[in-house]
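One structure is given here, and the rest of the page talks about it.
Everything numeric here is computed off the predicted structure, so don't read it as measured data. Worth knowing before you read on, the calculation uses all heavy atoms, side chains too, and leaves out hydrogens, waters and symmetry mates.
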2 protein chains.
Amino acid sequence: MDQKTPADEITSRRRRRAPKKMRAQPLYQQVDNIIRRRLIENVWKPGEAIPSEMQLAAELNVSQGTVRKALNDLVAENLLYRRQGLGTFVSEHTERRALFLFFSIVGSDGARLLPESRVLNCVEDVATKAEAERLELEPDDEVVRFHRVRFFNDIATIAETITLPLEHFPGFGTEVDPPNNLFRFYQSVYGITVAKADEQLAAVSASEEEALLLGIDTGSPLLEIDRIARMLDGRPVEWRVSHCDTRNYHYVAERG
Amino acid sequence: MDQKTPADEITSRRRRRAPKKMRAQPLYQQVDNIIRRRLIENVWKPGEAIPSEMQLAAELNVSQGTVRKALNDLVAENLLYRRQGLGTFVSEHTERRALFLFFSIVGSDGARLLPESRVLNCVEDVATKAEAERLELEPDDEVVRFHRVRFFNDIATIAETITLPLEHFPGFGTEVDPPNNLFRFYQSVYGITVAKADEQLAAVSASEEEALLLGIDTGSPLLEIDRIARMLDGRPVEWRVSHCDTRNYHYVAERG
DNA sequence: CAGTGGTCTAGACCACGCG
DNA sequence: GCGTGGTCTAGACCACTGG
């Protein structure tokens with residue numbers, strides 16, 4: 001657990017109080033990057049505690065305050081969380097995290113609830129042009145593509161299409177059905193942590209197929225959420241297009 | 001500019017190194033609240049520089065580091081911004097701020113552009129039940145209500161209804177037409193700063209009237225953005241319902 | 001040049017969680 | 001009691017801005 005990683009050494013790049021000038025990057029950002037790299041490389045796994053401030057400071061040859069600033073920045077990004085008296089931990093995709101960080105559909109009364117899911121089908125295929133572009137793949141790369149319907153209190157409300165790069169998810173969906181909380185599944189089974197997501201929203205008309213699935217009229221207005229989920233290093237890992245019946249639920253956002 | 005405000009004194013509540021126990025609130029939060037209060041009371045106005053860290057630390061009897069933490073928290077909330085070598089300034093509603101902080105509609109190519117506006121009408125009225133509820137008003141309070149259409153490159157794209165509590169905006173719209181950038185207008189003319197906004201999104205069908213305004217078919221899907229804008233102290237100041245034609249533009253959000 | 005914010009350190013004490 | 005993170009201080013030097 002305590003192996004030194006020479007590539008991580010700060011001292012090799014810049015001695016404390018030595019050159020006095022030409023600092024490429026602030027120390028705390030170097031520390032931030034080192035920790036970030038270890039998270040990406042799964043040196044510290046989700047749910048685990050990482051070394052204490054004092055230990056990191058000693059290992060990296062910086063002061064405790066510098067480590068603290070780096071850690072607090074990572075906490076602000078939701079990559080870590082800290083508990084006084086206990087330690088600093090790597091964030092994991094719990095139900096709660098999924099609900100408040102990555103799921104924005106709430107009831108008219110403001111109640112937050114994760115919908116249940118039913119998978120309709122799941123195929124492996126060559127990426128379409130659109131899929132390759134959105135997921136930043138080469139033209140002939142393969143993907144897993146599946147459709148599902150999501151239910152609030154047994155009422156079909158969301159129809160979605162999800163595409164994953166097969167490269168990162170070998171054997172996905174062929175053995176077991178994809179579970180409801182996908183991000184937790186990606187993390188626990190494939191070691192892939194979704195760190196952020198970019199969403200584009202628009203209003204569309206329900207197709208015949210969607211109307212059937214959701215029990216509404218063809219042409220009814222649906223809220224389209226087009227989302228790219230990204231790993232810790234920013235690379236895309238999932239493209240999801242959700243069509244939501246917003247008569248009893250709506251999407252929420254805060255600005256400012 | 002340098003008048004002491006006894007109510008702001010931290011030392012009256014808690015002497016440095018004196019009681020040693022029972023700290024109600026961390027010092028830096030007390031400092032944060034004092035500065036926040038001065039922003040709310042317009043002691044320091046948008047665009048102006050506030051006193052330096054050293055001056056604030058001396059006035060409030062805390063260390064520079066404590067002031068710095070409070071200031072950085074306020075910067076993270078976009079209430080202040082800092083420029084090395086110059087000072088710390090109160091944020092104002094520039095075009096840029098409106099565009100990146102409070103306006104989420106972008107073109108298919110990702111281009112950000114503020115649409116032009118045409119006001120259709122503007123009336124003073126007693127608040128409806130819905131308006132009173134959303135703006136947290138008493139049943140008989142008065143409001144200003146107006147409709148406008150917004151254009152991207154001369155193409156009508158958004159129809160919106162805006163309601164303001166008359167109490168905060170005396171004479172609004174009776175003398176001059178409301179300008180395109182409303183938040184800047186609220187700030188410069190009424191001294192009201194919009195600090196954050198809560199948005200609810202849904203998909204709806206275009207009414208006959210909207211269809212006419214936007215040059216689309218009745219029943220076409222529109223993206224509804226229902227937004228409450230709030231002042232520095234969190235009280236609602238504007239209720240806006242926008243219906244957007246999202247065939248060439250969409251709403252963007254980042255999560256995580 | 002003086003003054004501002006930005007980085008970094010060193011060390012103190014507090015509050016919390018666990019054994 | 002001990003180790004953790006949380007708060008607070010004091011002081012150093014750096015980097016940027018303006019006159």
Side-chain angles (χ1 to χ4, degrees), chain A residues 1-2 10-11 13-35 44 48-76 79-91, chain B residues 1-2 10-11 13-35 44 48-76 79-91:
Chain A
M1 320 305 184
D2 236 342
I10 279 185
T11 47
R13 293 213 228 164
R14 185 191 151 272
R15 265 257 33 85
R16 251 194 308 167
R17 309 189 174 220
K20 262 185 183 298
K21 288 211 172 187
M22 296 303 297
R23 184 173 303 156
Q25 210 183 13
L27 267 185
Y28 72 87
Q29 280 181 26
Q30 296 182 41
V31 173
D32 179 311
N33 286 333
I34 289 171
I35 296 173
W44 300 317
E48 289 181 6
I50 73 172
S52 71
E53 291 180 353
M54 293 296 278
Q55 289 170 337
L56 288 169
E59 185 205 338
L60 301 174
N61 253 297
V62 299
S63 79
Q64 187 185 2
T66 300
V67 171
R68 177 181 296 273
K69 179 153 176 60
L71 291 178
N72 283 340
D73 288 352
L74 292 162
V75 167
L79 302 186
L80 302 175
Y81 65 93
R82 322 189 75 180
R83 284 177 53 192
Q84 183 172 132
L86 273 178
T88 303
F89 302 83
V90 183
S91 298
Chain B
M1 318 306 182
D2 235 341
I10 278 184
T11 47
R13 294 212 224 166
R14 183 190 152 275
R15 265 256 32 86
R16 253 194 306 167
R17 309 193 173 214
K20 261 185 184 297
K21 287 207 175 190
M22 298 302 297
R23 183 172 306 158
Q25 210 184 11
L27 267 185
Y28 72 88
Q29 280 181 26
Q30 295 181 42
V31 173
D32 180 312
N33 286 334
I34 289 171
I35 296 173
W44 299 318
E48 288 181 5
I50 74 172
S52 72
E53 291 180 353
M54 293 296 277
Q55 288 170 338
L56 287 169
E59 185 205 340
L60 301 174
N61 253 298
V62 298
S63 78
Q64 187 184 3
T66 300
V67 172
R68 177 182 297 272
K69 180 155 175 56
L71 291 178
N72 283 339
D73 288 354
L74 291 163
V75 168
L79 302 186
L80 302 175
Y81 65 92
R82 322 188 74 180
R83 284 178 54 193
Q84 185 173 143
L86 272 178
T88 303
F89 302 82
V90 183
S91 299

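Side-chain contact between Leu56(A) and Ile50(A) is present, with heavy atoms from C-beta onward closer than 4.5 Å.
Set against dC8(C), dG5(D), dG6(C), the side chain of Pro26(A) has dC8(C) as its closest nucleotide. Set against dT7(D), dC18(C), dT4(C), the side chain of Tyr28(B) has dT7(D) as its closest nucleotide. For Leu27(A), the listed nucleotide lying nearest its side chain is dC8(C); candidates were dC8(C), dG6(C), dC8(D). Comparing dT17(D), dG5(D), dG17(C) by their closest approach to the side chain of Leu86(B) singles out dT17(D).
As rounded to whole Å, 9 Å separates atom C1' of dT7(D) from atom NZ of Lys69(B). As a whole-Å value, the separation of Met54(A) CE from dT4(D) P is 8 Å. Here the P atom of nucleotide dG5(D) and the CG atom of Leu71(A) are 8 Å apart, to the nearest Å. Between Gln29(B) atom CD and dG6(D) atom C1' the separation is 11 Å, expressed in whole Å. What separates OH of Tyr81(A) from P of dG17(C) is a distance of 14 Å, to the nearest Å. Rounded to whole angstrom, the span from the CZ atom of Arg83(A) across to the C1' atom of dG6(D) amounts to 15 Å. Going from atom CD of Gln30(A) over to atom C1' of dT9(C) covers 16 Å, rounded to whole Å. The CG-P distance, from Leu56(A) to dT9(C), rounds to 14 Å in whole Å.
No hydrogens or angles were tested; on distance alone, a donor-acceptor pair under 3.5 Å links the side chain of Arg68(B) to the base of dG6(C).
Between Ser52(B) and dG3(C) there is no side-chain polar atom (N or O) within less than 4.0 angstrom of OP1 or OP2. For Arg82(B), a side-chain nitrogen or oxygen approaches OP1 or OP2 of dG6(C) to under 4.0 Å. In this model, the phosphate group of dG5(C) is approached by a side-chain N or O of Thr88(B) to a distance below 4.0 Å at OP1 or OP2. Put simply, Ser63(A) has no side-chain N or O that comes within less than 4.0 Å of OP1 or OP2 on dC8(C).
Of all heavy-atom pairs between Val31(B) and Val67(B), the closest is CG1-CA, 4.4 Å.
Judged by distance alone, the side chain of Gln55(A) and the main-chain N or O of Ser52(A) form a donor-acceptor pair under 3.5 Å. Of the possible donor and acceptor atoms, none in the side chain of Glu53(A) sits under 3.5 Å from a partner among the backbone N and O of Gly65(A). The closest donor-acceptor contact from the side chain of Asn33(A) to the backbone of Gln29(A) lies under 3.5 Å.
Closest-nucleotide positions on DNA chain C for Gly65(A) and Gly85(A) were compared, and the one nearer the 5' end corresponds to Gly65(A).
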